[in-house]
Every structure is written in structure tokens, then in C-alpha cells.
Number of protein chains: 2
Amino acid sequence: MPKSSNDNRKKTTVSQAERREELLAIAARVFAEQGYSATTVRKIADAAGMLAGSLYYHFDSKESMLDEILSTFLDELWARYDAVLSAGLGPRQTLEALVTESFREIDRHHAAVAIYQKESRHLGTQPRFAYLVESQRKFEKAWLGTLERGVAAKVFRADLDVRLTYRFLRDTVWVAASWYRPGGRHSPEEIARQYLSMVLEGIALHEA
Amino acid sequence: MPKSSNDNRKKTTVSQAERREELLAIAARVFAEQGYSATTVRKIADAAGMLAGSLYYHFDSKESMLDEILSTFLDELWARYDAVLSAGLGPRQTLEALVTESFREIDRHHAAVAIYQKESRHLGTQPRFAYLVESQRKFEKAWLGTLERGVAAKVFRADLDVRLTYRFLRDTVWVAASWYRPGGRHSPEEIARQYLSMVLEGIALHEA
DNA sequence: TAATCTACCAAACACTTGTTAGGGAAGGAG
DNA sequence: CTCCTTCCCTAACAAGTGTTTGGTAGATTA
């Protein structure tokens with residue numbers, strides 16, 4: 001931490017932030033593959049080509065790496081979600097936009113989503129990660145609200161338990177992170193399109 | 001291990017097996033809540049009201065507890081799946097039966113399913129847990145085959161990517177273990193019914 | 001009653017864990 | 001050339017890890 005007020009190290013400041021992101025990306029990948037608590041700081045350091053102690057020059061704990069990975073992801077996610085929710089779309093269009101943004105987010109923050117999927121429930125009990133629980137509440141409010149609006153507008157079926165439907169939607173979207181590989185055969189938009197078609201129209205064949 | 005051939009300790013033999021199952025149920029619950037590698041043998045022992053070392057009278061390692069939990073679950077699952085698959089049902093009825101059996105299995109082996117969901121991908125790389133990978137292959141064959149039969153019989157839509165559809169179905173069914181609580185408001189059969197209705201008919205309202 | 005077995009405890013073991021402290025090479029700044 | 005900052009290494013620490021060994025109260029058997 002510099003105490004003097006001279007900002008003459010522009011280049012090093014930039015590369016420090018870049019290195020930080022680089023290391024976080026590596027850590028996120030290992031966390032996602034092996035699970036958070038099965039991941040040792042030595043494994044992260046190995047993957048980054050350095051020794052365990054050296055990580056503590058950039059971060060002050062293993063937990064703070066996880067924290068930064070998850071909060072960065074959630075911040076970006078909610079920026080996009082909020083944009084969708086305040087766009088004044090109808091229920092069906094809102095649902096479609098939320099699903100599409102979700103798959104795009106899986107594409108961008110693949111590792112972070114996988115970590116979130118595996119660890120969020122368990123982490124939510126810790127005070128430091130209370131924002132995970134709050135995020136889930138906002139999540140539920142957004143999706144449930146959209147579904148209920150759709151039922152009221154006779155766009156969605158009224159004979160289904162809305163809460164069950166919400167859980168199915170939420171889980172199926174996010175669990176895709178467990179098999180999705182960025183750069184694969186299907187683009188996020190293509191996956192979203194097929195998923196929405198399946199969920200909205202059903203997979204059964206209805207001869208008109 | 002008795003070397004003599006007298007089987008005169010019927011009662012202790014029975015209660016030993018019962019105690020084993022009891023301890024496995026406790027371990028499964030802790031594994032499911034905290035994650036396998038975040039769970040210490042001392043936590044399991046605490047939950048069981050004994051000391052860590054005492055667990056090794058019943059089991060020879062922490063890993064073998066996990067192994068027994070997962071393999072017991074998969075054995076029972078496949079017994080029921082095989083019964084469905086060899087019943088000679090049509091594609092739609094097969095799908096419905098598979099889904100229903102899955103939710104029943106979540107009801108029965110709730111903790112084991114949660115563990116399987118979280119750890120199977122990572123565990124599958126270890127030789128000891130290779131049966132997890134093989135099980136997943138059988139899984140894919142059964143579901144994919146049913147879907148393809150349904151498409152050929154014009155029971156399911158032909159314009160969806162079958163592999164994507166399979167993944168959505170599989171994930172949505174099993175991920176329900178993360179929020180399902182045995183003895184809750186909905187029975188497994190009720191959940192299966194609603195899930196099938198949503199997946200087969202879609203959630204959009206179609207005015208006939 | 002004496003011998004045996006069951007199911008646990010008490011205490012330690014070797015090892016791994018996250019984390020810290022001091023040092024040093026490289027390179028830019030003066 | 002000298003100073004200083006950046007970024008990493010070396011080496012160690014204390015706490016926690018799965019596991020083992022020897023013992024023992026209490027029930028069961030002979």
C-alpha cells in the first residue's frame with residue numbers, strides 16, 4: 001500500500017490489476033473442477049506457476065479469492081438482470097430475456113457459475129457470504145414475479161404450482177453450467193432458444 | 001472378524017448391520033450438507049455422538065463410507081430403472097415412469113442424491129469411483145434411447161436437439177434434490193406429475 | 001464364575017492445511 | 001550508479017487432517 005500520493009506507476013498499477021484477474025480466473029477454474037475446500041492453495045499456485053505463499057502477495061486469504069470471484073460474477077449478473085427487469089417487457093418476453101441473459105452469463109463466467117452452483121447453499125450460512133442468500137431472494141422475486149404476471153395475463157398456464165415451476169426453471173438454467181463448455185457446438189443464444197422452446201411449448205408433439 | 005463357524009450371535013450381527021446403516025445415514029447427511037471434503041471425520045463422529053477414531057471400528061476409511069453410500073444408492077436406483085426399461089412400455093410411458101421413479105428415489109435417498117449431484121463429476125476421475133461414470137453412461141443410454149424412440153414414433157417433437165433435451169431432463173430431475181425435503185408439502189408423485197406436465201405440455205397457455 | 005466379544009474411548013501418529021516472515025532478483029526512477 | 005518498488009521464493013509455523021494402536025466397561029457365552 002503506497003502512502004505517498006504520487007501516481008507515477010501507471011503501468012504497474014494496470015498490470016497488477018490484470019495479474020489479479022488472471023490469478024482469479026485460474027483459481028476459479030480449479031475451484032470449479034475440484035470444489036472449493038478440496039482445492040488447496042498449493043494447487044492454485046501450481047496452476048499459476050508459482051508457490052503457495054506467493055499468492056498472499058495478491059490476496060489476503062483463500063476465502064477472499066472465492067469471495068471476489070463470486071461477488072464479481074453476481075455484480076455483473078444483476079446489472080444485466082436489472083436492465084431486463086426495468087425494460088418494461090411483457091411476462092413472456094421478460095422470461096425469454098432472463099433465460100437468454102443467464103445462458104450468456106454461463107458462457108462468460110463459466111467457472112464462477114459452477115462454483116456458485118456447488119457451494120452457494122453451504123456458503124450462505126457464513127456472514128461473509130450473506131449476499132449469496134440475498135441474491136437468491138432477489139432471484140426468486142424476479143422469476144416468481146414474472147411467472148405470476150404471466151399467469152395473470154393468461155400467457156402462462158394457471159394450473160401449475162408457481163413455486164415448483166420457478167424452481168424447475170431456475171435449476172435447469174443454472175445447472176447447465178455443469179456440462180456447458182464455452183466455445184462448444186451450441187452458442188448460448190442457441191441453447192437459450194431450444195431451452196425456451198422446450199419449456200414454453202413442451203416436448204410432446206401436438207398435432208394441430 | 002470371527003474365524004470360528006458358529007453363528008450363535010444372531011442379535012449382535014443384526015444390530016451391527018443396523019448400526020452401520022445408522023452411521024452411514026448420519027455421514028450421508030453431513031456429506032450432503034457440508035460437502036464431502038469439507039466434512040471431517042470428527043464432524044461425523046460428533047453427529048453420531050462418538051469420537052473420531054471409533055468410526056474406524058465400523059469402516060476402514062472416510063472414503064469407503066462415501067463409496068458405500070453412493071453404491072448402495074445406485075444399486076437401488078438401477079434395480080428400479082431396469083424394471084421400468086424392461087416393462088415394454090411406450091416412449092411416453094417410459095419417460096413418465098423414469099421421472100416418477102427418479103423423484104421417488106430422491107425421496108428415499110435424499111442425502112445420497114445430493115452428494116451424487118455435487119461430487120460425482122469430480123469423483124469419477126478416481127478409479128475407485130469409476131462406476132459413477134459407467135452409471136452415467138447407462139443413464140444417458142436409457143434416457144436418450146427413450147427420447148429417440150419417442151421422436152421416431154412421433155410422440156415427441158423432432159425439431160429439438162435430443163442431446164440437449166436429455167441434459168435438460170436429467171438435470172432438472174436430479175437437481176430437485178437440492179431443495180426437496182422429505183415429508184414436505186408435495187409428495188414425490190405430485191412433483192413428478194407437475195414436472196411431467198410442464199416438460200411435456202410446456203408452461204405457455206395454448207388456447208384450443 | 002470365568003472367558004470372550006462388542007463397541008467404544010484415549011491418546012497419539014504422520015501428514016497436509018492455510019498463512020506468515022524475511023529475503024532477493026529485476027527493473028524503473030532519480 | 002543508487003534507491004526503491006514490484007513480485008516472487010524460501011522456509012517455516014500452528015492448527016487441523018485421516019488414521020492407528022492399545023485399552024476397557026459391559027454384555028454375552030460357556
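Hydrogens, waters and symmetry mates play no part in the numbers below; they use all other heavy atoms, side chains included. Note on naming: letters A, B, ... go to the chains in the order of the sequence lines (proteins, then strands), and numbering restarts at 1 for each one.
- Rounded to whole Å, the distance from CD on A/Gln34 to P on C/dT17 is 11 Å.
- Nucleotide D/dT17 holds its C1' atom 13 Å from the CE atom of B/Met65, rounded to whole Å.
- Remark: B/Val41 engages B/Ala52, B/Leu55, B/Tyr56, B/Lys62 in a side chain to side chain contact (heavy atoms under 4.5 Å, CB included) (not counting sequence neighbours).
- The separation between B/Arg20 atom CZ and C/dC8 atom C1' is 16 Å, rounded to whole Å.
- Scanning residues 39-50 of chain A for heavy-atom distances under 4.0 Å to DNA chain C yields A/Thr39, A/Thr40, A/Val41, A/Arg42.
- Taking atom CD on B/Glu18 and atom C1' on C/dA7, their separation rounds to 15 Å, with Å as the unit.
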Could you pull out every donor-acceptor pair under 3.5 Å between side chains of residues 132-143 of chain B and any protein atom, sequence neighbours left out?
unit_1, atom_1, unit_2, atom_2, d
B/Ser135, OG, B/Trp78, NE1, 2.9
B/Glu140, OE2, B/Arg163, NH2, 2.4

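- Using cut-offs of 30° and 60° on the angle between ring planes, the pair B/His110 and B/Tyr180 is perpendicular.
- When only modelled atom types and interatomic distance are considered, A/Asp75 and A/Tyr131 share no side-chain donor-acceptor pair under 3.5 Å.
- Taking atom CG of residue B/Leu51 and atom C1' of nucleotide C/dA11, one finds them 11 Å apart after rounding to whole Å.
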Kindly list each side-chain donor-acceptor pair under 3.5 angstrom involving residues 88-95 of chain B, sequence neighbours excluded, with atom names and distances?
unit_1, atom_1, unit_2, atom_2, d
B/Arg92, NE, B/Glu96, OE2, 3.2
B/Arg92, NH2, B/Glu201, OE2, 3.3
B/Thr94, OG1, B/Leu89, O, 3.4
B/Thr94, OG1, B/Gly90, O, 2.7
B/Thr94, OG1, B/Arg149, NH2, 3.3

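- Taking atom CD on B/Gln16 and atom P on C/dT6, their separation rounds to 7 Å, with Å as the unit.
- Under a cutoff of 6.0 Å and an axis angle of 45°, B/Arg170 and B/Tyr166 form a cation-pi pair.
- A heavy atom lying under 4.0 Å from DNA chain C marks none of the residues of residues 25-32 of chain A.
- Rounded to an integer number of Å, the gap from OH of B/Tyr36 to C1' of D/dT17 is 12 Å.
- The minimum heavy-atom distance linking A/Ala38 with A/Lys43 is given by the pair O-NZ, 3.2 Å.
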Pairwise N/O distances under 3.5 Å, protein to nucleotides 20-25 of chain D:
none

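- Inter-residue side-chain proximity for B/Gln16 and B/Glu21 is flagged as unmet; no heavy-atom pair is nearer than 4.5 Å.
- Side chains of B/Glu33 and A/His122: no donor on one and acceptor on the other come within 3.5 Å.
- Close to D/dC8, at under 4.0 Å from its OP1 or OP2, lies a side-chain N or O of A/Arg19.
- The distance from atom NZ of A/Lys62 to atom P of C/dT20 is 15 Å, rounded to the nearest whole Å.
- Put simply, NE2 on A/His109 and CZ on A/Arg104 are 13.5 Å apart, with the number rounded to the nearest 0.5 Å.
- Between A/His58 and D/dC8, a side-chain N or O to OP1/OP2 separation shorter than 4.0 Å is present.
- The closest side-chain donor-acceptor pair between B/Thr165 and B/Arg157, if any, does not fall under 3.5 angstrom.
- Here B/Tyr57 reaches the OP1 or OP2 of C/dA7: one of its side-chain N or O atoms lies under 4.0 Å away.
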